[in-house]
Chemist: 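Quick one: this structure, given as structure tokens, is what I'll be asking you about.
Computed from a predicted structure; not experimentally measured.
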Amino acid sequence: MFDFSHPTDRHGTWCTQWDYVADRFGAPDLLPFTISDMDFPTAPCVLSALTARLSHGVLGYSRWQNPEFSGAIAHWFSSRFDTQIDEQQLVYGPSVIYIISQLIRQWSSPGDEVLVHTPAYDAFYKTVNGNQRLTLAAPLQQVDGDWQCDMTQLESLLARPRCTLMLLCSPHNPSGKVWTRTELEQMAQLCERHGVSVISDEIHMDMTWGNYRHTPWSQTGRGRWALVTSASKSFNIPALTGAYGLIHRSDDKARYLNALKEQDGLSSPAVLALTAHIAAYRNGAPWLDALREYLSANLVYVEEALNAAFPALNWRAPQSTYLAWIDLRPLGIDDRTLQNTLIADQKVAIMPGYTYGEEGKGFVRLNVGCPRVKLQDGIQRLIAGIHAVRAAKQI
């Protein structure tokens, strides 16, 4: 019913991943597997809704506090996660990172420590440090191929006097870890015990694979918390802007909305973002399920191709996200040498693991949100680049 195999040329569309690849990698015209958007057009139901809204012709000021928007979100959480949300907790923002940034300022002070599980999404470091807070790393550990959090170590970090906030990524980017309900309950108890507020970024919530299931923080949260997310990753609509969240306490919600409107002048949302979210959450499930099947098969392809080329890797597809977090440490190659080879010789852009912190060294993060023909090309270039670096090392 839905075809994800046909490539769409994104050149000339002001596309970050394709048109501006040189900004990060220093060279133009690379085959990109970088920033986490996809090369697929969004769901037909979303495009139809946008077309209908544009045909009205009047694009004046609008309101996000309407029953269509809140009802669509409530429907999505109920149907996808068996979760009944409190619509009175709902807030809107132009992006997930914007909402996170506002809450960091409201729930902590300059010089405070914000706990983040590492390796971490690079925007987390930027947002924390950009708000004059300090990133407090809680390194994840690989145990039998699974990423785990040492809860004893976590509690010791949460108990630090200046640790006032935990910024959770659920599911976790870049590792692809899906937090179990037990883990979330443990973290919620520890944060409550030590008076640490929680912001849970759940933008990858729809992209879990196999038997792994996402549990919204609203099911386990205690004390002061917020859940922040968007349909932008799942339905590939980040260019429309638009995100939303659930803020547990009414006074915290009021303070956030006051800053949104009075401080930043953002009382009128992007109306096309509202339109897209409503269409996606009401009618987009069949498209998303087909997409999930395609992306899961993409990850299986990466697993099979890499392990056939380098059996020592024994790499396994992640539990979630369309971001393959590939541990190259068993091959003993230098990160920066590999990057230079991939860029200069293979003409491919793949995110180096050190982008995501000290614990990311020795990894690469490869975006599989694309037609398989592109992915096959990229994986073969990665394999060729690794072979070249290993061969040069042996000379």
Side-chain angles (χ1 to χ4, degrees), residues 17 33-40 42-43 73 76-77 80-81 83 93 95-100 116-125 127 140 146-147 149 166-181 183-184 187 198-220 226-238 241-246 276-277 280-281 284-285 287-289 291-296 298-299 302 316-326 351 355-356 360 363 365-370:
Q17 185 166 186
F33 298 86
T34 55
I35 192 169
S36 56
D37 68 3
M38 296 182 283
D39 289 330
F40 308 120
T42 189
I73 293 170
W76 193 253
F77 271 77
R80 304 298 286 195
F81 308 115
T83 297
S95 71
V96 163
I97 289 298
Y98 170 86
I99 302 175
I100 289 172
V116 176
H117 295 93
T118 57
Y121 172 41
D122 53 323
F124 278 13
Y125 298 112
T127 302
L140 296 176
D146 184 27
W147 290 94
C149 173
M166 181 174 78
L167 179 51
L168 179 67
C169 194
S170 179
H172 185 261
N173 172 16
S175 74
K177 173 181 175 58
V178 175
W179 298 97
T180 67
R181 186 183 186 94
E183 290 172 321
L184 294 173
M187 289 191 288
V198 178
I199 305 171
S200 183
D201 176 351
E202 304 189 8
I203 200 168
H204 293 282
M205 63 188 187
D206 295 310
M207 297 297 183
T208 60
W209 315 123
N211 294 323
Y212 293 98
R213 294 291 180 267
H214 173 69
T215 301
W217 184 260
S218 59
Q219 290 192 11
T220 59
L227 183 165
V228 189
T229 189
S230 173
S232 62
K233 286 284 186 288
S234 308
F235 288 88
N236 204 36
I237 52 173
T241 72
Y244 62 92
L246 301 172
H277 274 78
Y281 284 173
W287 180 88
L288 181 63
D289 288 339
L291 172 66
R292 283 160 43 86
E293 184 176 341
Y294 191 88
L295 292 174
S296 181
N298 271 359
L299 288 165
V302 173
R316 293 292 176 262
Q319 298 171 359
S320 68
T321 81
Y322 50 81
L323 306 168
W325 184 238
I326 304 170
M351 296 297 288
T355 300
Y356 309 99
F363 291 76
R365 195 194 78 168
L366 185 143
N367 180 349
V368 308
C370 59

Chemist: Any heavy-atom pair between the side chains of Val228 and Asp201 that's under 4.5 Å?
Modeler: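 When only atoms from C-beta onward are counted, Val228 and Asp201 do not touch, as no gap falls below 4.5 Å.
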Chemist: Taking Tyr356 as the fixed residue, which of Tyr121, Phe363, Trp325 is the one that meets the ring-ring contact (aromatic ring centres under 6.0 Å, His included) rule?
Modeler: Trp325
Chemist: Any donor and acceptor pair, going by atom type alone, linking the side chain of Arg292 with main-chain N or O of Trp209 inside 3.5 Å?
Modeler: no
Chemist: Can you give me the closest heavy-atom contact between Asn367 and Asp37, atom names plus distance?
Modeler: ND2-O, 2.8 Å
Chemist: Do Asn236 side-chain atoms and Phe40 backbone N/O form a donor-acceptor pair below 3.5 Å?
Modeler: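 Checking the backbone N and O of Phe40 against the side chain of Asn236, a donor-acceptor pair under 3.5 Å is found.
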Chemist: Identify the two heavy atoms, one from Pro174 and one from Arg365, that lie closest to each other, and give their separation to 0.1 Å.
Modeler: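 For Pro174 and Arg365, the tightest heavy-atom pair comes out as CB-CD, 3.8 Å.
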Chemist: Taking atom CG of Leu366 and atom CZ of Phe33, what is their separation to the nearest 0.5 Å?
Modeler: 6.0 Å
Chemist: Rounded to the nearest 0.5 Å, what separation is found between the CG atom of Asp206 and the OG atom of Ser320?
Modeler: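 Going from the CG atom of Asp206 to the OG atom of Ser320 covers 11.0 Å.
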Chemist: Does a side-chain heavy-atom distance below 4.5 Å link Thr118 with His172?
Modeler: no
Chemist: Does the side chain to side chain contact (heavy atoms under 4.5 Å, CB included) test come out yes or no for Met207 and Leu288, once each step is laid out?
Modeler: CA-CA 9 Å; Met207 297 297 183; Leu288 181 63; 3.9 Å; yes
Chemist: Give the minimum heavy-atom separation between Phe81 and Gln219, together with the two atoms involved.
Modeler: O-NE2, 3.5 Å
Chemist: Within the side chain of Thr321, is there an N or O that forms a donor-acceptor pair under 3.5 Å with the backbone of Gly176?
Modeler: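 Such a contact is absent between Thr321 side chain and Gly176 backbone.
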Chemist: Check whether Glu202 reaches the backbone of Trp217 with its side chain - one donor and one acceptor, N or O, closer than 3.5 Å.
Modeler: yes
Chemist: Compare every heavy atom of Asp289 with every heavy atom of Arg80, then report the nearest pair and how far apart it is.
Modeler: NH2-OD1, 2.8 Å
Chemist: Within the structure provided, determine whether Ser36 and Lys233 are in side-chain contact (heavy-atom separation under 4.5 Å).
Modeler: yes
Chemist: Roughly how far apart are Leu295 CG and Tyr322 OH, rounded to 0.5 Å?
Modeler: 8.0 Å
Chemist: Please lay out, stage by stage, how Leu291 and Met38 fare under the test side chain to side chain contact (heavy atoms under 4.5 Å, CB included).
Modeler: CA-CA 11 Å; Leu291 172 66; Met38 296 182 283; 3.8 Å; yes
Chemist: Measure centre to centre between the rings of Trp179 and His117, then say whether the value is under 6.0 Å.
Modeler: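 Trp179 vs His117: aromatic centres under 6.0 Å.
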Chemist: For residues Ser234 and Trp287, report the shortest heavy-atom separation together with the two atoms involved.
Modeler: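 Smallest heavy-atom distance, with atoms named: O-CZ3, 3.5 Å.
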Chemist: For salt bridge (charged side-chain N to carboxylate O under 4.0 Å, His left out), just list the numbers for Arg316 and Asp146, CA-CA rounded to whole Å, side-chain angles, deciding distance to a tenth of an Å, and then say yes or no.
Modeler: CA-CA 10 Å; Arg316 293 292 176 262; Asp146 184 27; over 6 Å; no
Chemist: In the structure I gave you, are the side-chain heavy atoms of Leu323 and Pro318 within less than 4.5 Å of one another anywhere?
Modeler: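 When only atoms from C-beta onward are counted, Pro318 and Leu323 do not touch, as no gap falls below 4.5 Å.
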Chemist: Atom CZ in Phe77, atom OH in Tyr281: separation rounded to 0.5 Å?
Modeler: 6.5 Å
Chemist: Closest approach of Cys370 and Asp39, non-hydrogen atoms and distance?
Modeler: CB-OD2, 3.4 Å
Chemist: To the nearest 0.5 Å, what is the distance between OG on Ser230 and NE2 on His204?
Modeler: 11.0 Å
Chemist: Any chance you could measure Ile73, atom CD1, to Thr229, atom OG1, to the nearest 0.5 Å?
Modeler: 9.5 Å
Chemist: Set out, in order, the CA-CA distance, both residues' side-chain angles and the distance that settles side chain to side chain contact (heavy atoms under 4.5 Å, CB included) for Arg181 and Thr220, then state yes or no.
Modeler: CA-CA 8 Å; Arg181 186 183 186 94; Thr220 59; 4.2 Å; yes
